[in-house]
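Report on the following structure.
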Amino acid sequence: MELKISDRQSYREYVNELKNGDLKLFYYDMLRIRLVEEKIAEIYPEQEMRCPVHLSVGQEAPAVGVCKALGKDDFALSTHRSHAHYLAKGGNLKAMLSELYGRETGCCGGKGGSMHLNDPSIGFYAVPIVGSTIPIGVGIALGFKIQNKSEVSVAFFGDAATEEGVLSESLNYAALCKLPVIFICENNLYSVYSPLSVRQPAERNLIDIAKAHGVEAFKCDGNDVVAVYNATTKAVEKARIGGGPTLLELSTYRYYEHCGTNFDNQLGYRSEEEFNLWKAKDPLKMLALKLVEDDNFKLEIEQMTKVINLEITDAFAFAKSAPYPDEASLFTHLYAK
Ligand SMILES: Cc1ncc(C[n+]2csc(CCOP(=O)(O)OP(=O)(O)O)c2C)c(N)n1
Ligand SMILES: [Mg+2]
């Protein structure tokens with residue numbers, strides 16, 4: 001059967017009518033993030049994007065599984081590795097790419113770059129100081145509670161951030177005040193080139209640390225978008241009715257180098273064998289396995305790819321031709337009003 005899909009909107013309308021539409025939407029969103037980032041990797045050597053980039057290829061499931069469990073007014077705080085979170089939370093692709101190209105149409109007016117994809121209208125800030133999303137997420141949750149709102153905040157952070165003292169203080173305060181915050185640790189095993197084994201004693205267990213502070217905590221397969229979505233949905237439901245915080249530790253893996261658009265296994269800080277084991281558990285592959293019973297799915301992937309690539313070509317053209325910020329803008333947004 002030939003599907004009549006001409007643009008993203010009509011694809012979404014089509015998918016929404018399907019019974020297992022959510023799974024297909026998850027796939028669509030993860031594929032979109034992957035294709036966007038692979039395109040960034042492909043043309044980064046042109047040296048027109050003048051900011052460092054930290055790619056999430058391989059880590060799409062935490063972004064989509066978590067953000068799809070949130071509403072528009074819930075707040076997500078992301079890190080230096082924020083493209084996937086921004087797109088999954090509903091960020092505008094043209095505004096994101098413009099930001100990477102330093103253009104005034106960027107979501108930070110072209111002054112932030114890849115690590116500052118901020119858009120409060122979609123409930124999203126990225127803060128690249130490792131660990132800082134944790135207390136800011138708690139602060140935003142405190143704000144929601146004081147205002148009697150039912151929104152929740154989500155703090156994304158990597159495994160390296162769990163080595164910072166602020167995690168303990170934040171867990172403690174969030175549990176004490178039963179704040180509507182969800183702590184999401186994306187454990188990809190590395191902080192730049194340092195594996196967990198040289199940074200933390202083997203007995204150190206994040207789940208136990210969270211529980212010791214009175215925060216419910218669960219481990220979850222971070223490459224299984226459905227598992228991530230279900231775990232986050234539970235945590236969000238609990239937080240909305242005053243049940244307090246939850247921590248989820250999501251196991252996942254980045255494919256590209258820590259910062260940049262190359263592959264760096266040749267450096268020897270991680271083995272080819274480990275890399276291939278994780279590639280076999282690729283989040284898109286794992287979700288496709290759940291969808292194979294649908295004969296049309298292969299065809300749909302092809303069509304999704306076409307639709308997404310059209311959007312990407314359009315968004316890059318937009319970003320590359322947008323104006324640079326005016327010199328006078330150097331002196332704006334320096335202080336909060
Ligand atoms: C406070 C602080 N120290 C150091 C850095 C430099 N730095 C940027 S990312 C990073 C590693 C972060 O590892 P992790 O939190 O596990 O996230 P991942 O990069 O693996 O996604 C470091 C050390 C920083 N941004 N902030
Ligand atoms: Mg890490």
Side-chain angles (χ1 to χ4, degrees), residues 30 33-34 37 40-41 51-67 76-89 112-118 124-138 154-171 182-202 204-207 209-210 219-223 228 247-265 267 269-271 274-275 277-279 281 283:
M30 291 200 297
I33 290 166
R34 178 158 304 182
E37 290 213 301
I40 291 171
C51 58
V53 289
H54 301 77
L55 302 180
S56 300
V57 175
Q59 301 191 190
E60 295 86 353
V64 172
V66 169
C67 290
L77 289 140
S78 176
T79 64
H80 53 287
R81 201 176 300 289
S82 64
H83 304 166
H85 302 147
Y86 172 83
L87 291 174
K89 187 67 176 62
S114 158
M115 289 188 277
H116 296 91
L117 300 180
N118 295 334
F124 192 87
Y125 284 142
V127 206
I129 307 299
V130 169
S132 63
T133 56
I134 302 169
I136 298 173
V138 169
V154 165
F156 283 101
F157 52 95
D159 44 291
T162 70
E163 287 144 29
E164 298 205 358
V166 74
L167 176 69
S168 291
E169 298 162 43
S170 304
L171 290 169
I182 296 140
F183 300 99
I184 302 285
C185 176
E186 287 176 297
N187 183 352
N188 63 7
L189 306 173
Y190 292 90
S191 168
V192 192
Y193 303 128
S194 306
L196 270 173
S197 58
V198 305
R199 296 164 19 224
Q200 301 184 14
R204 193 179 193 270
N205 182 327
L206 179 61
I207 303 299
I209 292 171
K219 268 192 191 204
C220 177
D221 180 347
N223 277 11
V228 174
L247 180 144
L248 300 177
E249 181 182 357
L250 311 178
S251 51
T252 187
Y253 203 75
R254 71 171 150 76
Y255 295 168
Y256 284 91
E257 60 189 334
H258 164 70
C259 177
T261 57
N262 298 309
F263 293 96
D264 67 352
N265 292 351
L267 295 179
Y269 72 97
R270 58 185 189 181
S271 70
E274 178 186 272
F275 185 85
L277 275 175
W278 280 95
K279 277 204 107 171
K281 294 192 287 183

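The structure presented is a predicted model; accordingly, all values stated were derived computationally and were not measured. Remember, it's 1-based here, ligands and their atoms both numbered in the order they're listed.
- Within a 4.0 Å radius of atom 6 (C) of ligand 1, the protein has no heavy atom.
- His54 approaches Ser114 most closely through the heavy-atom pair N-OG, 4.4 Å.
- The ligand atoms of ligand 1 that sit less than 4.0 angstrom from a heavy atom of Ile129 are 1 (C), 26 (N).
- Ala160 CB, 3.5 Å is the protein heavy atom nearest to atom 14 (P) of ligand 1.
- Here the side chains of Thr252 and Glu60 are not in contact, with every heavy-atom distance at 4.5 Å or above.
- The Mg ion (ligand 2) does not have Asn187 among its coordinating residues (no N/O/S atom, backbone or side chain, under 2.8 Å).
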- Message: Could you go through Asp159 and Arg199, starting from their C-alpha distance and side-chain angles, then the distance that decides it, and tell me whether this counts as salt bridge (Lys or Arg N to Asp or Glu O under 4.0 Å)?
- Response: CA-CA 10 Å; Asp159 44 291; Arg199 296 164 19 224; 2.9 Å; yes
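- Neither the backbone nor the side chain of His54 comes within contact range of ligand 1; no heavy atom lies under 4.0 Å.
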- Task: Check the pair Thr79 / Glu186 against side-chain contact (heavy atoms from CB on, under 4.5 Å), numbers first and verdict last.
- Result: CA-CA 11 Å; Thr79 64; Glu186 287 176 297; 5.6 Å; no
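- Shortest contact from atom 25 (N) of ligand 1 to any protein heavy atom: Pro128 O, 3.0 Å.
- Contact annotation: for Phe157 versus ligand 1, there are no heavy atoms closer than 4.0 Å.
- Under 4.0 angstrom from ligand 1, there are no non-hydrogen atoms of Cys259.
- Listed by number with element, the atoms of ligand 1 under 4.0 angstrom from any heavy atom of Ala161 are 15 (O).
- The residue from His80, Arg199, Glu164 that puts a heavy atom closest to atom 17 (O) of ligand 1 is His80.
- Leu55 and Thr261 get closest at one heavy-atom pair: CD1-CG2, 4.1 Å.
- When non-hydrogen atoms are compared, ligand 1 lies under 4.0 Å from the backbone of Asp159 as well as from its side chain.
- Both the backbone and the side chain of Ser191 come within contact range of ligand 1, each with a heavy atom under 4.0 Å.
- Less than 4.0 angstrom separates some heavy atom of Asn188 from each of these atoms of ligand 1: 18 (P), 20 (O), 21 (O).
- Using a cut-off of 2.8 Å, one finds that Asn188 contributes an N/O/S atom close to the Mg ion (ligand 2).
- Atom 3 (N) of ligand 1 has its nearest heavy-atom neighbour, among Val192, Val130, Asn187, in Val130.
- If you look at His80 and His258, their ring centroids are closer than 6.0 Å.
- Listed by number with element, the atoms of ligand 1 under 4.0 Å from a non-hydrogen atom of Arg81 are 18 (P), 19 (O), 21 (O).
- Residue side and main chain included, Asp159 places an N/O/S atom under 2.8 Å of the Mg ion (ligand 2).
- Closest of all the heavy-atom pairs between Ala155 and Gly137 is CB-CA, 4.4 Å.
- Using a 4.5 Å cut-off on side-chain heavy atoms (C-beta onward), Leu196 and Tyr190 make no contact.
- Aromatic pair Tyr255/Phe263: centroids not less than 6.0 angstrom apart.
- Side chains of Arg254 and Arg270 form a contact here, defined as non-hydrogen atoms less than 4.5 Å apart.
- Taking the six-membered ring where tryptophan is involved, the planes of Trp278 and Tyr253 are essentially parallel, since the angle between them stays under 30° and well short of 60°.
- Counting the atoms of ligand 1 from 1 in the order shown, those under 4.0 Å from a heavy atom of His258 are 9 (S), 10 (C), 11 (C), 19 (O).
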